[in-house]
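A, B, ... follow the sequence lines: proteins, then strands. Residue 1 opens every chain.
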There are 2 protein chains.
Amino acid sequence: MTNSKEDLILQTAENMIRESGYNSFSFRKVAEKVGIKSASVHYHFPTKGELAEAVTKRYTENFIQAIGQPQDLHASGKNPIDVYIAAFRGAIVADNGVCLGGMLGAEVGSLPDDVIKATRTFFLRNVEWLEEAYQCLNYKGDINAKAKQTVSLLEGAMIISNVMKDISYFDSSAELLT
Amino acid sequence: MTNSKEDLILQTAENMIRESGYNSFSFRKVAEKVGIKSASVHYHFPTKGELAEAVTKRYTENFIQAIGQPQDLHASGKNPIDVYIAAFRGAIVADNGVCLGGMLGAEVGSLPDDVIKATRTFFLRNVEWLEEAYQCLNYKGDINAKAKQTVSLLEGAMIISNVMKDISYFDSSAELLT
DNA sequence: GTCTATAATTTGATAGAC
DNA sequence: GTCTATCAAATTATAGAC
């Protein structure tokens, strides 16, 4: 079982990073929202880089786990790509921000090394998942390319939908995959 | 004719925002690179928001002007979509950053209103351009959707290529449009 | 684990000399 | 137009009490 306070810090930091980016969130803002002081946040996560790294790893695990295994989805009659698209779309509507991977990917030029590494892992895991999904669907063609296209399209669509405050950028883009 | 010093400030700020984001660049860093003091940057652009707004407007004009009119490209035997893709690709390779629109789009949660407005204009102009391009190509189907798909795909591909330091994300993604 | 207090640095921005 | 000087605020991070 996970430590509840640390998890609250991670969730709060995740929301802030996804809304405004790594360079915009701070220990004080996270602490204020959690209801403790910034020094207490440092107790759990000594540096900003370590906090963001933990956020990214947690986000990756949660995301991959939330969508489930492509094989299982396919076996139960669902199209795994539709599930993947729905997971992205839900994040736009529910939260007020973009995908953590997309945000950190854009900001890579000002990120600590360990956060960059964790961000790359997020995308590698996503491409892996999508490759399995397209394999399930018996996709004819370059599966690796198709996986990269899928994640690229949805990340871009999410970011533009977010700034335009117009979900049709996402929905119109997602149509390309069906 | 444009003021050379102001243009140098704008270009420097653009490079920094595209590499690390709005929240990571500062008057002092821009000034240092230009070879003046931060107070002198404030003389040209009183606030950070005004500077970023000017950067975004300049970037938009430069980008649209650089790729040319879709009709002209088509008339001279070029596929305007290929030109558009090449313009994006060139920016990844030449500069060490992503598209300004994609960066600011991700960071929208921490941007001054005027910068958000300028960023939206960038995307509207891009979609407009792409709609004209697909019209030239006699594209059958929803032209607005196709334009949104195109810009979403390339923005996402650019951001992921940048963080993965792997241009194949961009090239594989661009294949989807041909 | 959380707090107060504080250090060291950076930030956006302004006043006023030249 | 550019400079020096400065300010008020925010930042990451640490020391030490409780």
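The backbone N or O of I67(A) sits nowhere less than 3.5 Å from a side-chain atom of W129(A) that would complete a donor-acceptor pair. The backbone N or O of Y22(B) lies less than 3.5 Å from a partner atom in the side chain of E107(B), making a donor-acceptor pair. A donor-acceptor contact shorter than 3.5 Å links the side chain of Q149(B) to the backbone of S172(A). Distance alone, capped at 3.5 Å, places no donor-acceptor pair between the R28(B) side chain and the S38(B) backbone.
For the side chain to side chain contact (heavy atoms under 4.5 Å, CB included) test, residues two or more places apart in sequence or in another chain that qualify with S20(A) are S24(A), S110(B). Partners of F27(B) by ring pair (Phe, Tyr, Trp, His ring centres under 6.0 Å), not counting sequence neighbours, listed by chain and number: H42(B).
Going from atom OH of Y43(B) over to atom C1' of dC3(D) covers 13 Å, rounded to whole Å. Distance, E50(A) CD to dT12(D) P: 14 Å, rounded to whole Å. One interatomic measurement links the two molecules: NE2 of H42(A) to C1' of dA7(C), which rounds to 13 Å at whole-angstrom precision. I36(B) places its CD1 atom 11 Å from the C1' atom of dC3(D), with the value rounded to the nearest Å. Note: OH (Y22(B)) to C1' (dT11(C)) measures 12 Å, nearest angstrom. In this structure, CD of E32(A) is placed 17 Å from P of dT2(C), rounded to the nearest angstrom.
Among the nucleotides dA15(D), dT2(C), dC3(D), the one closest to any side-chain atom of K5(A) is dT2(C). Side-chain atoms of T47(B) lie closest to dA13(C) of the nucleotides dA13(C), dT4(C), dG1(C). You'll find that the side chain of S38(B) is closest to dA13(C), out of dA13(C), dA15(C), dT2(D).
OP1 or OP2 of dC3(C) lies within a sub-4.0 Å distance of a side-chain N or O belonging to S40(A).
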Pairs: protein N or O with nucleotides 6-11 of chain D N or O, under 3.5 Å:
residue, atom, partner, partner atom, Å
dT11(D), OP1, S26(A), OG, 3.4

